[in-house]
Amino acid sequence: MEKNKGPRLLLIPLPVQGHINPMLQLAQILHSNAFSITIIHTSFNSLNPSNYPHFNFCCIQDGISETESSTSDLLNFLIQLNTRCVKPFKECLGKLLSEEPIACLISDAMCYYTQDVATSFNLPRLVLRTSGASSFVAFTALALRGKGYIPIQESKMEDEVTELPPLRVKDLPMINTKEPDKYYEVLYNSVNKTKTSLGVIWNTFEDLESSSLATLSQQFSVPMFPIGPFHKHFPTNNNTSSCSSLIPQDQNCISWLNKHKPESVVYVSLGSLASITEEEFLEIACGLVNSDHPFLWVVRPGLVHGYEWLEPLPSGFVENIEGRGYIVKWAPQQEILAHEAIGLFWTHNGWNSTLESICEGVPMICMPCFTDQKVNARYVSHVWKVGLQLENGMERGEIEWTIRKLMEGDIEGKEIRDRALKLKEEAKVCLGLGGSSCSSLERLVAHILSLELFNFEAS
Ligand code: UDP
């Protein structure tokens with residue numbers, strides 16, 4: 001594939017898995033639309049350029065220390081990143097602009113520090129929002145009226161948020177922090193610098209989130225480009241996910257899945273950042289075993305607080321589940337969800353996981369941990385109705401009951417599975433010729449080219 005095609009775009013991802021994946025998928029989509037691509041990445045979670053010989057890469061030394069880069073304190077990480085990267089990013093941009101013209105910068109919305117730097121160079125900046133539009137409506141409400149919601153009172157958790165139906169107070173996109181004001185500040189900056197961008201790119205599609213996209217179009221006077229699902233612009237087996245994976249994906253689980261009947265296996269993964277307690281881990285283990293359905297379980301090293309990997313499991317657990325359960329450290333998730341043996345996805349509802357499940361028509365058990373996951377879970381269970389949420393935390397009885405309901409002959413379970421298949425079809429249609437995401441992509445390409453013209457005239 002050619003490295004130098006048309007006008008050059010600079011893309012800057014937030015360096016965590018759930019943001020790197022969609023940014024690199026977007027890079028791939030834009031490269032296929034005749035743009036040249038340069039990815040600017042941090043030294044923390046740095047990318048491997050040899051996986052993408054058709055892109056240029058530029059690494060900035062973020063200077064973030066090991067403690068600051070601990071993504072278990074996401075809030076502190078975001079603050080440090082947005083402070084420490086300003087200087088090296090400025091130097092990097094100055095150098096790149098002195099070498100060749102650049103059409104625009106596409107920045108992750110959470111890298112809000114990029115806006116002022118781009119403005120200082122007169123470089124147009126678009127934003128990639130890697131979460132869904134519905135959660136962004138909630139983020140925007142929090143950012144603009146945050147003082148009214150934060151801090152959240154325990155006694156009000158079940159109350160409905162009247163202006164954000166069907167969210168309850170407990171579904172608001174919060175994180176566990178002793179410093180809610182800092183969280184509010186990060187949200188405010190991200191929303192504000194999205195508003196002042198020249199366009200927002202979404203990894204979603206119109207039919208899925210039309211009303212949230214319409215709300216945002218009214219609130220933000222910048223063009224919106226819902227061109228998702230990004231990963232479905234390419235065939236599932238084209239390796240895009242393994243290339244951008246920070247942890248090696250265990251491919252052996254595909255051979256294990258091949259031995260199972262269609263729609264018979266429960267896939268369990270809580271993504272790249274969430275962590276759980278030892279008690280919760282053991283409840284999951286018992287719930288899975290008691291459900292009597294085969295399961296493929298991603299236990300990421302560090303998932304359980306205070307443990308390296310599987311140590312909290314009772315001795316003999318792994319041997320006893322032989323054949324019926326398979327545990328891996330990290331999996332080729334997109335391939336797994338597309339595999340015919342998968343009948344159910346137990347997810348933390350990170351946006352990528354949610355969308356990947358929707359695209360394969362796989363119903364979900366929702367167990368959100370923080371931020372947008374809570375909104376996504378509510379939408380999965382109460383708007384799209386393609387899953388059920390575990391409302392009482394991780395409790396083995398409820399886990400077993402929910403798995404059985406969705407995997408066995410229950411009427412509600414069947415309705416959920418039928419709706420999941422219908423949504424899968426809608427996701428397919430939007431990418432076809434004349435489909436909404438396909439048209440939005442055409443608009444995006446034209447928009448970027450018009451920015452370039454603007455840039456050229458201004459210089
Ligand atoms: N993923 C993966 N292997 C795994 C678990 C997850 O490749 O074992 C990928 C998944 O396909 C998704 C991303 O990691 O693209 C996780 O992003 P998401 O937004 O779902 O959650 P986050 O990790 O940001 O919480």
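Being a predicted model, the structure only gives us computed values, none of them experimental.
- Nearest heavy-atom pair across Ser353 and Thr347 is CB-OG1, 3.7 Å.
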Next item on the list: Decide yes or no on salt bridge (charged side-chain N to carboxylate O under 4.0 Å, His left out) for Lys232 and Glu356, but give the supporting numbers first.
Entry: CA-CA 9 Å; Lys232 284 293 179 184; Glu356 288 162 13; over 6 Å; no
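- Going from atom CG of Leu78 over to atom CG of Leu14 covers 6.0 Å, rounded to the nearest 0.5 Å.
- A distance below 6.0 Å separates the ring centres of Phe281 and Trp297.
- Side-chain atoms of Phe205 and Glu426, non-hydrogen and from C-beta on, do get closer than 4.5 Å to each other.
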Next item on the list: For Arg168 and Glu160, run salt bridge (charged side-chain N to carboxylate O under 4.0 Å, His left out): C-alpha distance rounded to whole Å, both residues' side-chain angles, the deciding distance at 0.1 Å, then the answer.
Entry: CA-CA 4 Å; Arg168 301 156 299 180; Glu160 285 184 8; over 6 Å; no
Item checked: Derivation and outcome, side-chain contact (heavy atoms from CB on, under 4.5 Å), residues Arg443 and Leu441 -> CA-CA 5 Å; Arg443 275 198 302 118; Leu441 178 57; over 6 Å; no
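- Trp351 and Ser135 are not linked by any side-chain donor-acceptor pair at a separation below 3.5 angstrom, with hydrogens and angles left out of the test.
- Dense packing is recorded around CG of Asn258, with more than 12 heavy atoms of other residues, nucleotides or ligands lying under 6.0 Å away.
- Ring geometry for His41 versus Phe57: interplanar angle over 60°, hence perpendicular rather than tilted (30 to 60°).
- Side-chain atoms of Glu400 and Ser291 include no donor-acceptor pair closer than 3.5 Å.
- Classification of the Trp384-Tyr379 ring pair by plane angle, with boundaries at 30° and 60°, yields tilted.
- Considering only heavy atoms from C-beta on, Ile365 stays 4.5 Å or farther from Leu388 through its side chain.
- Environment of CD in Glu408: crowded, with over 12 heavy atoms of neighbouring residues, nucleotides or ligands closer than 6.0 Å.
- Between the side chain of Glu360 and the main chain of Ser357, no donor-acceptor pair closer than 3.5 Å is present.
- More than 12 heavy atoms of other residues, nucleotides or ligands sit less than 6.0 Å from atom NZ of Lys195.
- Using a cutoff of 4.0 Å between basic side-chain nitrogens and carboxylate oxygens, Asp171 and Lys374 are not scored as salt-bridged.
- Remark: side-chain polar atoms of Gln17 are paired, donor with acceptor, to backbone N or O of Ser244 under 3.5 angstrom.
- No side-chain donor-acceptor contact under 3.5 Å links Asn352 and His19.
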Item checked: Test log, rule salt bridge (charged side-chain N to carboxylate O under 4.0 Å, His left out), inputs Lys428 and Glu425 -> CA-CA 5 Å; Lys428 222 185 251 173; Glu425 282 315 305; 3.6 Å; yes
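- Atom CD of Glu322 is surrounded by 12 or fewer heavy atoms from other residues, nucleotides or ligands within 6.0 Å.
- Under a cut-off of 6.0 angstrom, the local environment of CD in Glu308 is sparse, with at most 12 non-hydrogen atoms contributed by other residues, nucleotides or ligands.
- Other residues, nucleotides and ligands place no more than 12 heavy atoms under 6.0 Å from the CD atom of Glu154.
- Looking only at distances, a side-chain donor or acceptor of Ser264 sits under 3.5 Å from a matching main-chain atom of Lys261.
- Put simply, the side chain of Glu209 gets close to the backbone of Ser134: a donor and an acceptor are under 3.5 Å apart.
- Side-chain N/O atoms of Ser50 and Asn48 include a donor and acceptor closer than 3.5 Å.
- Residues Asp181 and Glu179 form no side-chain contact, since every pair of their non-hydrogen atoms from C-beta on lies 4.5 Å or further apart.
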Next item on the list: Let me see the working for Lys414 and Asp418 under salt bridge (charged side-chain N to carboxylate O under 4.0 Å, His left out), right down to the final yes or no.
Entry: CA-CA 6 Å; Lys414 182 170 178 331; Asp418 289 347; 2.9 Å; yes
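- Under 3.5 Å, the side chains of Ser272 and Arg300 contain no donor-acceptor pair of N or O atoms.
- Between Cys430 and Gly228, the shortest heavy-atom distance links the atoms SG-O, 3.7 Å.
- Checked by atom type and distance alone, the side chain of Asp62 pairs as donor or acceptor with a backbone atom of Ser43 at under 3.5 Å.
- Aromatic pair Phe136/Phe220: ring centres closer than 6.0 Å.
- Residues Arg324 and Asp292 are in side-chain contact: their nearest non-hydrogen atoms beyond the backbone lie under 4.5 Å apart.
- Enclosure of atom CZ in Phe317 by more than 12 non-hydrogen atoms of other residues, nucleotides or ligands within 6.0 angstrom is indicated.
- Across all their heavy atoms, Thr402 and Leu390 have their closest contact at OG1-CD2, 3.5 Å.
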